[in-house]
Amino acid sequence: MSSLRRTEIASLLKEATVNDEVLVKGWVRAFRANRFIALNDGSSFGNVQVVVDFENFDEALLKQISFHSCIEVKGTVVESQGSGQNIEIVAKEIVILGGSNPDEYSLQPKKQTLEYLREKAQFRMRTNTFSAVFRIRHAISFAIHKFYNDNGYYHMHTPIITGSDAEGAGEMFHVTSFSPDTAPRDETGKVDYKQDFFGKETNLTVSGQLQAEMGALALGKVYTFGPTFRAEKSNTSRHLAEFWMIEPEVAFNDINDNMDLAESFSKYLINYILDNYAEDLAFLEKRILDAEKQLPKEKRREMPLIETLRFVVDNDFERITYTDAINLLRNSKPYKKGRFENDVAWGKDLQSEHERWLVEKKFKKPVIVVDYPKDIKAFYMRSNEDDKTVAAMDVLFPGIGEVMGGSQREERHDMLVKRMNEMDVSTEELDWYLDLRKFGGCPHSGFGMGFERMVMFITGMSNIRDVIPFPRTPGSAEF
RNA sequence: GCCUCUUUAGCUCAGCUGGUUAGAGCGCCGGACUGUUAAUCCGUAGGUCCUAGGUUCGAAUCCUAGAAGAGGCGCCA
């Protein structure tokens with residue numbers, strides 16, 4: 001008995017047979033009727049029920065079996081008399097590993113708002129919702145590596161501290177070893193970064209794409225998966241200052257190959273979760289349905305979570321050019337009735353209300369928009385024959401908007417230089433990037449996927465801060 | 001960067017045009033019950049009405065500033 005080894009609850013629920021003597025450890029999810037403990041150790045969504053014959057246990061010990069206290073139980077597996085589970089454990093010995101005074105503990109065995117739990121990040125992963133979300137977050141991360149590995153891609157680590165500020169993907173966080181008060185200054189009074197750690201100004205990366213292109217032009221197929229930083233004061237449920245991004249970059253792929261990759265990649269991830277995390281998904285779906293009961297019909301999801309995921313996997317993404325999208329929008333009901341707040345016109349970027357109409361009203365499935373006007377896109381995107389558009393694509397998902405954005409890259413050296421000059425991007429600073437066109441260049445494509453946005457889509461969570469353990473947003477860097 | 005909303009018990013909230021001692025459900029605590037699945041029943045306790053000013057005979061309620069949280073726009077992933 002004393003040499004008994006711990007069984008994880010996931011394997012216990014799967015493999016235990018009646019009369020097994022077992023040792024389990026975990027956190028108390030509920031203690032009902034002074035007799036039934038729902039115990040969870042994180043190994044699965046399911047709890048194991050521990051039955052306590054309270055007459056045989058010390059009252060002081062039973063008192064310590066409170067919500068989220070941590071205990072160790074030795075006992076015998078029996079068939080359950082109750083209806084909620086097949087087997088349960090009759091406790092012979094219980095040890096309190098860590099008590100949790102319910103008077104002082106900030107969580108309770110009841111529904112609590114996601115906002116409140118967000119403030120208690122030290123505990124929120126113990127709740128059903130967040131443990132399901134973070135198990136799935138892990139699984140998507142694993143599936144990403146599996147997808148690319150199985151398809152012959154190489155994972156490439158791009159730098160987190162970058163020395164170039166020409167990536168143009170947004171505001172950056174400066175990285176310096178100087179203290180603001182004592183930073184050395186040059187004769188004009190500006191901070192003299194020549195004396196700083198790296199001898200120049202440095203920032204946290206906003207994208208690994210330019211570096212990934214080096215990998216693609218040597219290893220053929222590469223992808224990055226790392227943290228990314230944007231110092232934009234975006235105050236929305238879809239933006240983080242620190243988020244994770246996956247960026248495949250593939251030699252010889254054109255924009256159509258790029259779209260194929262984006263579609264098969266996202267379907268693979270969704271399928272992986274459908275196949276392996278059904279229990280967690282079912283709980284998340286039920287959670288949303290319960291929450292939506294209080295909302296008016298038009299604010300509820302059109303389909304429950306799992307149905308939505310199946311639908312996305314079973315149907316082709318809609319592919320449409322920017323020009324066609326503009327025409328569709330200008331002929332749409334909301335446009336004609338003046339319901340859009342922002343104007344729709346060729347040359348202007350699609351606003352979220354327009355994207356939402358295309359995805360949620362018109363096509364009711366993921367939509368890939370391609371061939372955007374060159375003036376609203378980045379310098380490295382390949383110019384099309386019409387000289388007005390570039391081979392850029394945005395992949396739009398229902399409820400979330402842009403999940404992926406990418407392009408075929410401009411591989412023609414002269415064209416790239418021309419675009420850089422037009423858009424005021426320093427050719428000197430990016431000479432290494434231009435070298436990739438000068439020496440052994442080739443057509444290539446890639447895109448960036450916002451990891452947290454994919455986690456949002458798959459888990460059905462509506463705030464990006466609830467799918468990352470420690471969200472960093474303007475004005476908030478707790479924990 | 002712009003705009004809007006919220007902040008009242010441990011949690012979720014109600015509290016009307018300013019007017020006695022600020023309420024409910026859940027949770028906690030005490031008791032009853034004991035095969036429960038958000039257990040049930042009875043009872044007790046629990047409040048700097050976010051903070052600081054102001055208006056008023058009187059402020060949870062009105063005004064100003066600040067803090068925290070949420071939502072929308074823009075930017076994007």
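Each chain gets a letter, A, B and so on, in the order the sequences are listed, and its residues count up from 1. Note: hydrogens, waters and symmetry copies are ignored here, and every other heavy atom, side chains too, is used. Being a predicted model, the structure only gives us computed values, none of them experimental.
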Handout entry: Whole-Å P distance, B/rU7 and B/rC62
Key = 10 Å

Handout entry: A/Phe243 over B/rA77, stacked by centroid distance under 5.5 Å, angle under 30°
Key = yes

Practice task
Check whether any side-chain N or O of A/Glu410 sits under 3.5 Å from a backbone N or O of A/Ser383 as a donor-acceptor pair, and report yes or no.
Solution key: yes

Completion exercise
Here the gap from A/Asp254 atom CG to A/Arg382 atom CZ, rounded to the nearest 0.5 Å, amounts to 9.0 Å

Practice task
May I ask you to check whether A/Tyr223 and A/His145 place their ring centres under 6.0 Å from each other?
Solution key: yes

Practice task
Taking the six-membered ring for Trp and the single ring otherwise, decide whether the centroids of A/His155 and A/Phe225 are under 6.0 Å apart.
Solution key: no

Handout entry: A/Tyr116 side chain, from C-beta outward: closest of B/rU12, B/rA70, B/rC76
Key = B/rU12

Problem - Neighbour count above 12 (heavy atom, 6.0 Å) for A/Lys388 NZ - result: no

Exercise for the section: Using the C1' atom as the reference point in each nucleotide, state the distance between B/rC13 and B/rA60 in Å, no decimals. Expected result: 14 Å

Fill in the blank from the handout: Heavy-atom contacts, protein to nucleotides 24-38 of chain B, under 4.0 Å, summarised as B (base), S (sugar-phosphate only) or - (none) per nt, yield -BBSSSS---BBBB-

Handout entry: Touch class at under 4.0 angstrom, heavy-atom based, for A/Leu107 against every strand present
Key = nothing

Practice task
Would you tell me if any nitrogen or oxygen in the side chain of A/Ser237 comes within less than 4.0 Å of OP1 or OP2 on B/rG72?
Solution key: yes

Exercise for the section: Determine the contact category for A/Thr236: base if any of its heavy atoms lies under 4.0 Å from a base atom, sugar-phosphate if only primed atoms, P, OP1 or OP2 are that close, otherwise nothing. Expected result: base

Handout entry: Whole-Å distance separating the CZ atom of A/Phe31 from the P atom of B/rA39
Key = 12 Å

Exercise for the section: Assign A/Tyr105 to base, sugar-phosphate, or nothing according to its heavy-atom contacts below 4.0 angstrom with the strands shown. Expected result: nothing

Problem - Gap in Å between the two P atoms, one belonging to B/rC16 and one to B/rA22, rounded - result: 15 Å

Exercise for the section: Establish, from distance only, whether the side-chain atoms of A/Thr473 and A/Arg465 form a donor-acceptor pair under 3.5 Å. Expected result: no

Exercise for the section: May I ask you to check whether A/Phe397 and A/Phe317 place their ring centres under 6.0 Å from each other? Expected result: yes

Handout entry: Base paired to B/rC29 (Watson-Crick or G-U; both N/O distances under 3.5 angstrom)
Key = B/rG43

Practice task
Please state the P separation for the pair B/rC33 and B/rC42 - nearest whole angstrom.
Solution key: 16 Å

Problem - Side-chain-base donor-acceptor pair under 3.5 Å for A/Ser234 and B/rC75 - result: yes

Practice task
Determine, using ring centers only, whether A/Phe123 and A/His68 are less than 6.0 Å apart.
Solution key: no

Fill in the blank from the handout: Closest of B/rG71, B/rC73, B/rA77 to the A/Ser352 side chain is B/rC73

Exercise for the section: For B/rC75 and B/rU64, measure between their C1' atoms and round to the nearest Å. Expected result: 33 Å

Practice task
Would you check if there is a donor-acceptor pair between the side chains of A/Ser207 and A/Glu247 at a distance under 3.5 Å?
Solution key: yes

Problem - Identity of whatever pairs with B/rG53 - Watson-Crick or G-U, under 3.5 angstrom - result: B/rC63

Practice task
Could you check how far CZ of A/Arg118 sits from C1' of B/rG69, rounded to whole Å?
Solution key: 8 Å

Practice task
Select base, sugar-phosphate, or nothing to describe what A/Met454 touches, counting heavy atoms under 4.0 Å on all strands.
Solution key: nothing

Problem - C1'-based separation of B/rG15 from B/rG31 [nearest Å] - result: 32 Å

Handout entry: Span that lies between the P atom of B/rG1 and that of B/rU17, in whole angstrom
Key = 35 Å

Completion exercise
Whole-Å distance, A/His354 NE2 to B/rC75 C1', equals 16 Å

Exercise for the section: Establish, yes or no, whether a centroid distance under 6.0 Å links the rings of A/Phe265 and A/Tyr148. Expected result: yes

Exercise for the section: Give one of base, sugar-phosphate or nothing for A/Arg356, where a contact means two heavy atoms less than 4.0 Å apart. Expected result: sugar-phosphate

Completion exercise
Mate of B/rC13 across any strand shown (Watson-Crick or G-U wobble, both atom pairs under 3.5 Å) is B/rG23

Problem - Residue A/Lys233, side-chain heavy atoms: nucleotide from B/rU12, B/rG1, B/rA77 that is nearest - result: B/rG1

Practice task
Both distances under 3.5 Å, Watson-Crick or G-U wobble: report the partner of B/rU36, or none.
Solution key: none

Fill in the blank from the handout: Sorted by position of nearest nucleotide on RNA chain B, 5' first, the leading residue of A/Arg465 and A/Asn342 is A/Arg465

Problem - N or O in side chain of A/Gln351 less than 4.0 angstrom from B/rC73 OP1/OP2 - result: no

Exercise for the section: Classify the side chain of A/Arg238 and the base of B/rA77 as holding, or not holding, a donor-acceptor pair under 3.5 Å. Expected result: no

Exercise for the section: Both distances under 3.5 Å, Watson-Crick or G-U wobble: report the partner of B/rG1, or none. Expected result: B/rC73

Problem - P-based separation of B/rG25 from B/rU21 [nearest Å] - result: 23 Å

Problem - Integer-rounded Å distance: B/rA70 C1' and A/Ile464 CD1 - result: 16 Å

Practice task
Under 4.0 Å between any heavy atoms, over every strand shown, what does A/Asn463 touch: base, sugar-phosphate, or nothing? Just pick one.
Solution key: sugar-phosphate

